[in-house]
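Here is the structure we will look at.
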Amino acid sequence: MKRNIFISLVWILLVMMTSTGVLFGQEDGFTDIFGTDEAVESEEDIISDGGYTSGVLNVNISGEIGLTMKSYLNEGLNSEFTTSPRMKLDIAPVAGDLEGFASFKVDDWTLDPDVAPEEMIDEMYLRYFFSAGYLEAGLKKVEWGKGDGIHVIDNINPLNQSGGIVPDINEMKDPMNMVKLNLYTGANGLAEFIYIPMFEGYTIADDGRWALVNPADFPNLTIRERGGIADFTGAIRYTTVLGSMDLGGQYYYGYKPEPGYKVESEFTGTDPYDPTHYTVSTELVYTRAHLFGLEAGWAAGPFTFRAEAGYWLTEDFKGDQPELYNNSLVCLGGVDFTLPGTNLFFSIQATETYVINYNDLTDTDVDFLAAYDDKPTTTNIIPALDLPFGKEKFKLRIGGVYLVEAGGWMATQELFYYPVDDMEISVSGQLFGGEKDSHYKTWKDNGNIALEFKYIF
């Protein structure tokens with residue numbers, strides 16, 4: 001299970017800590033880790049946040065406590081109503097060049113009796129600083145790319161959709177056991193190397209109001225756990241600053257996170273003309289693939305531009321294996337700005353996926369089944385607006401997603417109120433709809449409104 005800290009992972013950590021001390025101990029390091037969108041803090045940030053003094057153990061504790069009440073809208077006053085306590089606790093012990101981090105969360109998902117208690121662990125890892133960089137090992141979430149909360153080349157952590165969609169995409173990520181080596185290059189560069197011994201794909205609900213698959217459609221389903229020397233995941237990313245531009249490139253080798261299904265029929269009866277004399281079995285499979293990605297972000301006056309592009313090179317290079325995904329192109333473009341003289345922040349981003357050799361697909365091909373309106377493209381438009389007002393005691397946030405090929409959409413609205421320091425009260429809502437078959441149309445009855453109280457410490 002992903003929450004286990006494998007003995008092999010600890011062994012790799014010890015070996016790498018020893019080797020980095022030998023290889024880099026005599027070099028002068030750099031004190032700046034590029035970018036504000038990284039999933040880790042720089043050493044300077046940790047010190048400024050009350051971090052460590054060499055040889056002295058400090059423990060930083062932060063988090064939030066609150067209550068969420070949610071009502072769905074499909075049956076009016078008789079709709080489903082839920083209440084759940086919420087807690088997030090971050091503990092960061094620091095001593096010298098070694099830091100630990102553990103994050104625990106309690107919400108309606110982790111309190112489900114069918115969910116294992118270890119699901120409350122959101123992250124848990126070690127970080128070791130040396131002169132040329134830092135090393136991390138443990139259960140961790142990573143965010144790669146220049147998109148604002150949305151990415152097309154961010155595949156280190158799989159997404160968990162079983163509880164619906166939340167505004168912060170990182171909350172939907174499942175943490176993964178990994179080893180991550182970060183090396184400073186030049187004054188502004190950072191090279192990142194990731195090794196993940198186990199693979200996990202997207203988690204998709206198969207029951208309840210957020211279900212997208214029906215287990216009855218996959219008779220005799222078998223799932224092979226992937227991991228070890230043969231099924232590892234590896235990734236490299238390099239980011240730097242060139243003038244006013246933040247640039248980056250990456251290479252990922254692993255599996256596409258979306259599952260496919262291999263269906264086979266075996267004759268097990270006596271009458272070959274009778275369909276009931278055949279046994280149908282289904283195997284959940286993942287597609288081995290390489291991802292080559294580029295990213296860029298740059299500012300021009302009040303505008304910030306964002307871009308990502310990637311190419312998936314899969315094992316189904318010819319596009320003739322229906323259970324495996326074809327090669328594809330992915331891209332993202334966006335711009336955000338604050339209206340001069342105001343606090344009004346506006347952002348719009350668009351993503352697109354283009355499946356190569358789509359016209360040659362059969363009706364049972366996984367790319368055909370995943371397509372919308374029988375088109376090789378999947379295009380999403382994501383607008384967002386953020387407006388603080390009332391001397392920043394209030395903040396209004398409006399966002400959404402529009403799936404062009406299916407006419408599917410999601411709209412989100414949030415109003416925040418900060419009566420005193422460290423306290424937040426919010427009212428939020430979600431609405432779904434669609435013209436053609438898509439997950440947004442499937443969720444059309446899942447519109448909801450929520451009231452949340454939160455103390456941040």
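Note that these values count all heavy atoms, side chains included, but never hydrogens, waters or copies made by symmetry.
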Review point. Would Arg288 and Glu315 count as a salt bridge (charged side-chain N to carboxylate O under 4.0 Å, His left out) if you check the C-alpha gap in whole Å, the side-chain angles of each, and the deciding distance to 0.1 Å?
Key: CA-CA 6 Å; Arg288 259 296 189 190; Glu315 61 181 303; over 6 Å; no
Review point. Do Ser438 side-chain atoms and Gly408 backbone N/O form a donor-acceptor pair below 3.5 Å?
Key: no
Practice item. Give a yes or no on whether a salt bridge exists between Arg209 and Glu80, defined as a side-chain N under 4.0 angstrom from a carboxylate O. Key: yes
Check your understanding: Taking the six-membered ring where the residue is Trp, are the ring centres of Phe218 and Tyr261 under 6.0 Å apart?
Key -> yes
Exercise for review: Tell me, please, whether Phe416 has Lys395 positioned over its six-membered ring: NZ or CZ under 6.0 Å from the ring centre and within 45 degrees of its axis?
Suggested key: yes
Check your understanding: So, for Phe305 and Trp298, is the gap between ring centers shorter than 6.0 Å?
Key -> yes
Review point. Side chains of Glu143 and Asn170: is there a donor and an acceptor less than 3.5 Å apart?
Key: yes
Review point. In terms of side-chain heavy atoms, does Asn446 have a donor or acceptor partner in Gln430 at a distance below 3.5 Å?
Key: no
Practice item. Answer yes or no: is there a side-chain heavy-atom contact under 4.5 Å between Leu387 and Leu385? Key: yes
**Study point:** salt bridge (charged side-chain N to carboxylate O under 4.0 Å, His left out) between Asp90 and Lys88, worked out
**Key:** CA-CA 7 Å; Asp90 297 337; Lys88 188 173 187 296; 3.0 Å; yes
Practice item. Decide if the gap between the ring center of Tyr255 and the ring center of Trp312 is smaller than 6.0 angstrom. Key: no
Check your understanding: Quick one: does Asn357's side chain have a donor or acceptor within less than 3.5 Å of a partner on Asp360's backbone?
Key -> no
Point to revise | Electrostatic pair Arg237:Glu295 at N-O distance under 4.0 angstrom | key: yes
Exercise for review: Applying salt bridge (charged side-chain N to carboxylate O under 4.0 Å, His left out), run through Lys454 and Glu64 and close with a yes or a no.
Suggested key: CA-CA 6 Å; Lys454 184 187 297 183; Glu64 56 190 47; 3.6 Å; yes
Check your understanding: After noting the C-alpha distance and the side-chain angles of Lys375 and Asp373, does the key distance pass the salt bridge (charged side-chain N to carboxylate O under 4.0 Å, His left out) rule?
Key -> CA-CA 6 Å; Lys375 294 181 179 178; Asp373 198 27; 3.6 Å; yes
Point to revise | Cationic N near anionic O, under 4.0 Å, Lys141 to Asp174 | key: no
Exercise for review: Establish, from distance only, whether the side-chain atoms of Glu192 and Trp144 form a donor-acceptor pair under 3.5 Å.
Suggested key: yes
Review point. When you look at OH of Tyr354, are more than 12 heavy atoms from neighbouring residues, nucleotides or ligands closer to it than 6.0 Å?
Key: no
**Study point:** Within 6.0 angstrom of Phe81 CZ, more than 12 heavy atoms from elsewhere
**Key:** yes
Practice item. Would you check if the side chain of Thr282 reaches a backbone N or O of Pro219 as a donor-acceptor pair within less than 3.5 Å? Key: yes
Practice item. For Glu308 and Cys331, indicate whether the former's side chain and the latter's backbone hold a donor-acceptor pair under 3.5 Å. Key: no
Review point. Is the shortest distance from a Lys or Arg side-chain nitrogen in Lys262 or Glu264 to a carboxylate oxygen in the other one below 4.0 Å?
Key: yes
Exercise for review: Name the orientation class of the two ring planes belonging to Phe432 and Tyr440 (parallel below 30°, tilted from 30 to 60°, perpendicular beyond 60°).
Suggested key: parallel
Point to revise | Ile229, CD1: over 12 other non-hydrogen atoms inside 6.0 angstrom | key: no
Practice item. Under the side-chain contact (heavy atoms from CB on, under 4.5 Å) rule, what do Tyr358 and Asp374 come out as? Steps first, then yes or no, please. Key: CA-CA 9 Å; Tyr358 180 85; Asp374 193 19; 2.7 Å; yes
